[in-house]
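None of these values were measured; they are calculated from a predicted model.
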Amino acid sequence: MKQKQLVAQAIVDATEGQLSLDEVMSKIEVPKTYDLGDYAFPTFILAKLYHKAPQQIAPELVEKISGDAFDKVQAVGPYVNFFIDKKAFSHNILNQILDQKEAFGQQDLGHGGNVPIDMSSPNIAKPMSMGHLRSTVIGNSLAELLKKANYNPIKINHLGDWGTQFGKLIEAYKLWGSEEEVRQDPINTLLKYYVHFHQVDEEHPELDDEARAWFKKLEDGDKEATELWQWFRDESLKFFKSIYAKLGIEFDSYNGESFYNDKMDEIVSILEDKNLLQESRGAEIVDLEKYGLNPALIKKTDGTTLYITRDLAAALYRFRTYDFVKSLYVVGNEQTNHFKQLKAVLKEMGYDWSDDIHHIQFGLITSGGKKLSTRKGNIILLEDVLNDAVDLAKKQIAEKNPDLPNKDQVAEEVGVGAVIFHDLKNDRLNNFDFNLEEVVRFEGETGPYVQYSHARAMSILRKAGQIDLENADIAGLQDEGSWEVVRQLANFPAMIKRAVEEYEPSVITKYAIQLSKSFNKYYAHTKVLTDDAEKNSRLAMVASVAAVLKESLRLLGVKAPDEM
RNA sequence: GCGCUUGUAGCUCAGCAGGAUAGAGCAACCGCCUCCUAAGCGGUAGGUCAUCGGUUCAAUUCCGAUCAAGCGCACCA
């Protein structure tokens, strides 16, 4: 960043103030290839000003720039290319990383502001599928990134523990369930009832009425309904927590939908007070015509509540409890309309903080091109995928590094890491069709590739023995291979900023791959542990790579084993 | 029908808030372990950036239309 400003200033000086620093800064770019330098300024905008061809302007600018601050300044066609002083630059950046360690890249974007993140939110009595993984893993990474940028994230697991579905589940249990069967295998058994309910329901729609009646009882506090609900919820949560443990993810709150049960009356009365509620077809709605949205259904004909009513209560509760600067919802893009409605209703209620609510949407995972559906039994169990990945990692270790200590732990870290990394690799919004082989792939642009790069770096440092790098003379490096690595390292803080601003963990995933690539390339061509004058600088670079890779992985929620 | 999202190599995707010959990974083919972990490195091959228009000195990138795909469109979440 400082370097870029230096370049911009040089251009401003050379043009004798014809362009402002900001103008120049916005035009400066990074050339695609190494031989074109580190920064480039295209002279097209000067063509009109000078009434000359850009190709002619570029060399004239070069004449006026003093080369002291740079290795080289060169005109190539219409571009002025800058080669920065590699040795001085790498000296600075390596010392900075060695000094700051894992704090490198930390910055104050958030001033400590609270940011509740609604994430994961699986439904009680249903297994977790690959769909839940996305929300969980994206939310977790955003939390780490926000923390790094000095926000205070609050991870909220907004459990789907309320709604008509429980009426269905209770009805199904009453019809076909057995207590013993549920005790033995809670989730799968409950799921079985639920799927069965929907099958039978196709031909006997009257079951829906029964289910609605049960949910009504539940909302009214009926003893039997509440006990069953509590039981299902406890069993489910036990199971979910085992998966979160595997993923290494913890939550600050498990307040799910049921938590807002007693907080909805207030919402309804506020809506009434502000004359926002209307009756329509026997239900209570808020008209959102002026937002170009469908009306928000606040209460059903039978008086029970809906998803949005609870989300309104939750939004208000979070605002009061956390006084947030932003409130995030990591939820699939099929719910885009819901969040538009939510924000619109809050706006109508006079809460201007509704602008601070952001729906962090993500693409759909399909299987065989079809949407995953718990009801239709078309699901991919997260548990299975994680287990498959860990098994595969075990096989790889047996094959490639049979003498590795704590094999099981490493297999866990690599297998689970591969799955998480894969989910965070692409743009959030992309849909993807689930393909097990791809998810548990360990070669190419994958999590294990990054972990492996880190392990290699650690291995060199181990072999280097006890060297006090912090006090050693790190003169800097200037060869082409290390330069690629160094400029990647220097990019880390900017990447964090971008990832936070765009709520996009994939920025970090891609960055980690790029850094790994340049490091592996370097590794293949340069022997680090050669005794010469630059050895300390090389080791400093290796230590920096290890630190930044480990930190990148941490921000993604992936472990970085020292050996694998 | 309306709204949102997407359309780049056989497959999966990058392309940094328009710029210099469009990049990776996988799959295919060919090389590289007497040398810090070959989960690696290098090479070959593979593209009318969906189509048509517009803005601009410059468009894969911005705008519009068309076509195609996915998701959503009140008593599920």
task: Write out the stems for RNA chain B, ordered by first number and formatted as range with range, counting runs of at least 3 consecutive Watson-Crick or G-U wobble pairs under 3.5 Å.
output: B:1-7 with B:67-73, B:10-13 with B:23-26, B:28-32 with B:40-44, B:50-54 with B:62-66
Nearest-angstrom distance from the residue atom [atom1] of [X] to [atom2] of [N]:
X: A/D423; N: B/rU12; atom1: CG; atom2: P; value: 17 Å
X: A/R428; N: B/rC13; atom1: CZ; atom2: C1'; value: 17 Å
X: A/N426; N: B/rC11; atom1: CG; atom2: P; value: 16 Å
X: A/E399; N: B/rA38; atom1: CD; atom2: C1'; value: 12 Å
X: A/Y329; N: B/rA77; atom1: OH; atom2: P; value: 16 Å
X: A/I28; N: B/rA20; atom1: CD1; atom2: P; value: 16 Å
X: A/L288; N: B/rC4; atom1: CG; atom2: C1'; value: 17 Å
X: A/Y449; N: B/rA38; atom1: OH; atom2: P; value: 13 Å

Enumerate the protein-to-nucleotides 67-72 of chain B contacts in which both atoms are nitrogen or oxygen and the separation is below 3.5 Å.
unit_1 : atom_1 : unit_2 : atom_2 : d
B/rG70 : O2'    : A/N431 : ND2    : 3.4
B/rG72 : OP1    : A/K371 : NZ     : 2.9
B/rG72 : O2'    : A/N337 : ND2    : 3.0

Qualifying residues under salt bridge (Lys or Arg N to Asp or Glu O under 4.0 Å), relative to [X], sequence neighbours excluded:
X: A/D220; result: A/K216
X: A/K52; result: A/E60
X: A/E445; result: A/K517

Pick base, sugar-phosphate or nothing for [X], based on heavy-atom distances below 4.0 Å to the nucleic acid.
X: A/V542; answer: nothing
X: A/N81; answer: base
X: A/D427; answer: sugar-phosphate
X: A/E257; answer: sugar-phosphate

- line: Closest to the side chain of A/F432, out of B/rC4, B/rC13, B/rA20, is B/rC13
Distance-only donor-acceptor hits, side chain of residues 496-507 of chain A, under 3.5 Å, sequence neighbours excluded:
unit_1 : atom_1 : unit_2 : atom_2 : d
A/K497 : NZ     : A/E501 : OE2    : 3.4
A/R498 : NE     : A/E502 : OE2    : 3.4
A/Y503 : OH     : A/K326 : NZ     : 2.9
A/E504 : OE1    : A/S506 : N      : 3.4
A/E504 : OE1    : A/S506 : OG     : 3.0
A/E504 : OE2    : A/R428 : N      : 3.3

- line: In short, ring pair (Phe, Tyr, Trp, His ring centres under 6.0 Å) pairs touching residues 394-424 of chain A with sequence neighbours left out are A/H422-A/F432
- request: Write out all pairs satisfying ring pair (Phe, Tyr, Trp, His ring centres under 6.0 Å) with one or both partners inside residues 439-458 of chain A, taking only residues at least two apart or from two chains.
  value: none
field: Enclosure of A/K300 NZ (heavy-atom neighbours >12, cutoff 6.0 Å)
entry: yes
field: Crowding at CD, A/E437 (>12 non-hydrogen neighbours, <6.0 Å)
entry: no
task: Name the orientation class of the two ring planes belonging to A/Y329 and A/F339 (parallel below 30°, tilted from 30 to 60°, perpendicular beyond 60°).
output: tilted
Which atom pairs, one a donor and one an acceptor, fall under 3.5 Å between side chains of residues 279-297 of chain A and the rest of the protein, sequence neighbours left out?
unit_1 : atom_1 : unit_2 : atom_2 : d
A/D287 : OD2    : A/E289 : N      : 3.1
A/K290 : NZ     : A/E348 : OE2    : 3.1
A/Y291 : OH     : A/E348 : OE2    : 2.8

message: With nearest nucleotide decided by heavy atoms, which residue, A/F215 or A/A393, maps closer to the 5′ end of RNA chain B?
response: A/A393
message: If the glycosidic angle sits within 90 degrees of zero it is syn, else anti. Tell me which applies to B/rC49.
response: anti
statement: Counting primed atoms, P, OP1 and OP2 as sugar-phosphate and everything else as base, the B/S/- map of nucleotides 22-37 of chain B against protein heavy atoms under 4.0 Å is --SSS--------SBB
Could you list all N or O pairs between the protein and nucleotides 74-76 of chain B that sit under 3.5 Å apart?
unit_1 : atom_1 : unit_2 : atom_2 : d
B/rA74 : N6     : A/R281 : NE     : 3.3
B/rA74 : N6     : A/R281 : NH2    : 2.5
B/rA74 : N1     : A/S280 : OG     : 2.9
B/rC75 : O2     : A/T301 : N      : 2.6
B/rC75 : O2     : A/T301 : OG1    : 3.0
B/rC75 : N3     : A/T301 : OG1    : 2.4
B/rC75 : N4     : A/R281 : O      : 2.5
B/rC76 : OP2    : A/T164 : OG1    : 3.1
B/rC76 : OP2    : A/K300 : NZ     : 3.1

task: Mind running a 4.0 Å heavy-atom check of residues 42-57 of chain A against RNA chain B and sending the residues that fall below it, in number order?
output: A/F44, A/K48
